[in-house]
*Asks:* 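The structure under discussion is supplied below as structure tokens; questions concerning it will follow.
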Number of protein chains: 2
Amino acid sequence: MSTISTEDYIKAIYKLEVRGEKATTSALASQLGVADASITDMIKKLSDKGLLHYERYQGVELTQQGVKMALGILRRHRLWEMFLVEFLAYSWDKVHDEAERLEHVTSAELEHAIDTALGHPTGDPHGDEIPTVDGKLPNRSCTALAAHEAGDVVRVLRVSDEDSAILQHAASLGVALNSRITVKQKMPFDGSLTIKIGKKEHFVSRQVADSIFVERV
Amino acid sequence: MSTISTEDYIKAIYKLEVRGEKATTSALASQLGVADASITDMIKKLSDKGLLHYERYQGVELTQQGVKMALGILRRHRLWEMFLVEFLAYSWDKVHDEAERLEHVTSAELEHAIDTALGHPTGDPHGDEIPTVDGKLPNRSCTALAAHEAGDVVRVLRVSDEDSAILQHAASLGVALNSRITVKQKMPFDGSLTIKIGKKEHFVSRQVADSIFVERV
DNA sequence: AAATGATTTTAGGTTCAACTAAATATCAAT
DNA sequence: ATTGATATTTAGTTGAACCTAAAATCATTT
């Protein structure tokens with residue numbers, strides 16, 4: 001049983017905060033696969049290190065320092081994803097797991113070298129923005145494909161990289177960054193869709209439609 | 001205090017065996033910076049895992065499985081070193097520490113992708129041979145520059161990557177792979193040398209002369 | 001406002017890789 | 001062969017990060 005790194009705790013908290021959810025003990029425990037009590041132990045230590053604010057029974061919130069760490073990790077993660085695609089011919093559904101490991105062993109020099117080699121990219125292969133060195137994260141507004149109605153015409157801005165199988169499936173439908181999608185029908189109950197990409201129509205499950213983020217054109 | 005990984009134990013043992021030294025408890029302890037007793041504890045566990053042969057008071061020796069692991073790590077280390085130089089414009093004195101971290105988080109796929117991107121290189125930037133996927137390590141014979149006498153003309157095959165400062169210094173003297181060196185004088189007691197590279201003569205300390213490996217031309 | 005149910009924390013225990021100090025084995029020199 | 005020096009192992013301890021079970025707190029409903 002391997003132990004969870006500080007960076008992984010910070011990431012998990014950040015991920016919840018970004019989703020607008022409160023970083024509660026139980027949410028973190030299920031995210032990280034440890035017991036609730038272990039989370040309580042650990043967040044006390046991280047609080048002592050100044051990475052988060054903790055008040056008993058109230059969940060946690062990252063401090064500025066904690067957010068900075070999270071953005072640093074995210075930056076390295078997304079730079080690696082881009083790098084794997086551009087320099088090592090990875091497909092977009094393979095990069096996430098690899099980047100998940102590499103992000104933790106990346107020095108400032110290496111981060112800089114990758115950034116330079118890529119020509120200072122602003123986004124990764126799934127359309128996620130790459131935080132800048134000084135911790136700015138330009139947040140484009142986009143909506144889940146699942147939130148759209150029949151007749152809407154949209155452009156793909158980003159596809160969640162959490163699930164490799166979904167990415168692979170999306171690619172097989174012709175979904176890529178900047179693809180144009182027309183929503184043909186929306187099923188009333190489960191929210192699945194029929195969409196048109198190029199000349200072809202496809203059925204899209206709710207789960208997939210929740211992973212594709214778009215803007216109206 | 002961070003704990004030492006299995007891979008680091010195996011590397012340390014391998015390094016001693018390659019140098020022809022016996023992998024004793026104390027040698028490992030000083031290499032890894034832990035107490036002798038900790039080594040005894042750990043080698044018992046590694047022995048149980050089948051990575052090494054251990055008999056009380058007799059030091060250890062890697063099993064076939066242990067050697068295979070060591071060569072895998074070495075392969076990933078050297079591929080990364082080469083990659084950093086070729087794709088990310090690293091200088092040869094910077095790659096070692098970076099590769100030391102990356103080697104531990106490199107999947108078989110990534111190893112393969114790097115190998116392919118580099119066109120299946122056989123050596124790294126310091127002239128070290130890269131073990132093949134199936135664990136073969138073609139061992140060229142070479143001698144330390146320090147072992148040569150005035151008048152010898154040699155070609156640089158490899159420079160030890162252990163000490164970044166030495167690599168940097170060597171480079172500043174014009175030492176690179178395949179450089180031609182003429183030994184002009186050898187100091188009787190400390191073994192330091194005066195050498196000629198190109199049109200210039202340089203003084204070379206014993207420590208540096210021990211890090212440069214050459215063959216007669 | 002009290003009760004109930006869910007969440008969180010506390011208390012105490014386990015494991016793992018370190019540690020120190022004491023005991024034991026090996027080796028080299030007489 | 002004995003001895004003394006050196007190296008190694010054993011025995012017992014610590015600290016970190018996990019665990020379970022019980023106690024405390026919070027939130028919601030009546």
Side-chain angles (χ1 to χ4, degrees), chain A residues 1-17 19-63 66 69-70 73 100-101 104-105, chain B residues 1-17 19-63 66 69-70 73 100-101 104-105:
Chain A
M1 182 174 297
S2 70
T3 135
I4 299 167
S5 69
T6 296
E7 292 199 340
D8 282 331
Y9 276 93
I10 297 302
K11 268 177 69 177
I13 297 164
Y14 180 82
K15 211 174 285 181
L16 288 168
E17 290 187 356
R19 281 209 286 256
E21 296 169 34
K22 192 143 161 233
T24 62
T25 300
S26 52
L28 289 169
S30 81
Q31 257 268 276
L32 294 169
V34 296
D36 290 6
S38 308
I39 297 292
T40 303
D41 278 0
M42 201 61 193
I43 60 185
K44 280 182 198 161
K45 288 173 195 164
L46 297 177
S47 171
D48 291 346
K49 287 186 189 161
L51 293 168
L52 47 83
H53 295 298
Y54 168 58
E55 216 170 324
R56 290 167 69 241
Y57 295 99
Q58 301 312 129
V60 297
E61 209 168 309
L62 292 179
T63 58
M69 177 181 280
I73 301 163
E100 202 85 76
R101 290 184 290 270
H104 301 295
V105 293
Chain B
M1 176 171 302
S2 70
T3 132
I4 298 167
S5 69
T6 295
E7 292 199 338
D8 283 330
Y9 276 94
I10 296 302
K11 267 177 70 176
I13 297 164
Y14 180 82
K15 212 175 282 179
L16 288 168
E17 290 187 356
R19 280 209 287 256
E21 295 168 35
K22 192 142 160 230
T24 63
T25 300
S26 52
L28 289 169
S30 83
Q31 256 270 276
L32 294 168
V34 297
D36 290 6
S38 310
I39 298 292
T40 303
D41 278 0
M42 202 61 194
I43 59 184
K44 280 182 199 162
K45 288 171 194 163
L46 297 177
S47 170
D48 292 345
K49 286 185 189 161
L51 292 169
L52 47 83
H53 295 297
Y54 169 56
E55 216 170 324
R56 290 165 72 240
Y57 296 100
Q58 301 311 132
V60 298
E61 206 168 309
L62 292 178
T63 58
M69 177 181 279
I73 301 163
E100 203 84 76
R101 290 184 291 271
H104 301 296
V105 294

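Note on naming: letters A, B, ... go to the chains in the order of the sequence lines (proteins, then strands), and numbering restarts at 1 for each one.
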*Asks:* Please report the closest heavy-atom contact between A:His53 and A:Leu62, naming both atoms and the distance.
*Replies:*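 Result for this residue pair: CD2-O, 4.3 Å.
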
*Asks:* Across the strands shown, which category fits A:Ile4 at heavy-atom distances under 4.0 angstrom: base, sugar-phosphate, nothing?
*Replies:*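 Contact class for A:Ile4: sugar-phosphate only.
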
*Asks:* So, OP1 or OP2 of C:dT10: does either fall under 4.0 Å of a side-chain N or O from A:Lys44?
*Replies:* yes

*Asks:* Assuming nearest nucleotide by heavy-atom distance, tell me which of A:Met42 and B:Asp41 is located more 5' along DNA chain D.
*Replies:*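 Closer to the 5' end of DNA chain D: B:Asp41.
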
*Asks:* Can you tell me how far P of C:dT7 sits from CD1 of A:Ile43, to the nearest Å?
*Replies:* 16 Å

*Asks:* Report the residue (A:Gln58 or A:Gly33) whose heavy-atom-nearest nucleotide on DNA chain D is the more 5′ of the two.
*Replies:* A:Gly33

*Asks:* Under 4.0 Å, heavy atoms only, any strand: does B:Thr40 hit a base, just the sugar-phosphate, or nothing?
*Replies:* base

*Asks:* Atom OG1 in B:Thr40, atom NZ in B:Lys45: separation rounded to 0.5 Å?
*Replies:*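 Nearest 0.5 Å value for the OG1-NZ distance: 11.5 Å.
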
*Asks:* Using a cut-off of less than 4.0 Å, is there contact between a side-chain N or O of A:Thr3 and OP1 or OP2 of D:dA17?
*Replies:* no

*Asks:* Hey, is the side chain of A:Ser26 poking within less than 4.0 Å of OP1 or OP2 on C:dT8, counting only N and O atoms?
*Replies:* yes

*Asks:* Within less than 4.0 Å of OP1 or OP2 of D:dT10, is there a side-chain N or O belonging to B:Arg56?
*Replies:*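 For D:dT10, OP1/OP2 do have a side-chain N/O of B:Arg56 under 4.0 Å.
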
*Asks:* What is the distance, rounded to the nearest whole Å, between atom CG of B:Leu46 and atom P of C:dA17?
*Replies:* 9 Å

*Asks:* Which distance, rounded to the nearest 0.5 Å, do you find between the CD1 of B:Ile73 and the OH of B:Tyr14?
*Replies:* 10.5 Å

*Asks:* Rounded to whole Å, how long is the line connecting atom CG of B:Asp36 with atom C1' of D:dT10?
*Replies:*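 Checked: the CG to C1' distance equals 13 Å.
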
*Asks:* Within the pair B:Tyr57 and D:dT10, is there a side-chain N or O less than 4.0 Å away from OP1 or OP2?
*Replies:* no

*Asks:* Output yes when at least one side-chain N/O atom of B:Tyr54 is less than 4.0 Å from OP1 or OP2 of D:dT9, else no.
*Replies:* yes

*Asks:* Between B:Lys22 and B:Lys45, just flag the one whose closest nucleotide in DNA chain C comes earlier from the 5' side.
*Replies:* B:Lys45

*Asks:* Identify which nucleotide among D:dT8, D:dA11, C:dT9 has an atom closest to any side-chain atom of B:Thr25, counting heavy atoms from C-beta outward.
*Replies:* D:dT8

*Asks:* What are the two closest non-hydrogen atoms of A:Ala12 and A:Leu32, and how far apart are they?
*Replies:* CB-CD2, 3.9 Å

*Asks:* Students often get this wrong, so: under 4.0 angstrom with heavy atoms, is A:Ser38 touching a base, only sugar-phosphate, or nothing?
*Replies:*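 Base contact.
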
*Asks:* Mind calculating the distance between CD1 (A:Ile39) and P (C:dT8) to the nearest angstrom?
*Replies:* 10 Å

*Asks:* Output yes when a side-chain donor or acceptor of A:Thr25 lies under 3.5 Å from a complementary backbone atom of A:Ile39, and no otherwise.
*Replies:*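 Absent.
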
*Asks:* Please state how far atom CG in B:Asp48 lies from atom C1' in C:dC16, giving the value in whole angstrom units.
*Replies:*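 Between C1' of C:dC16 and CG of B:Asp48: 14 Å.
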
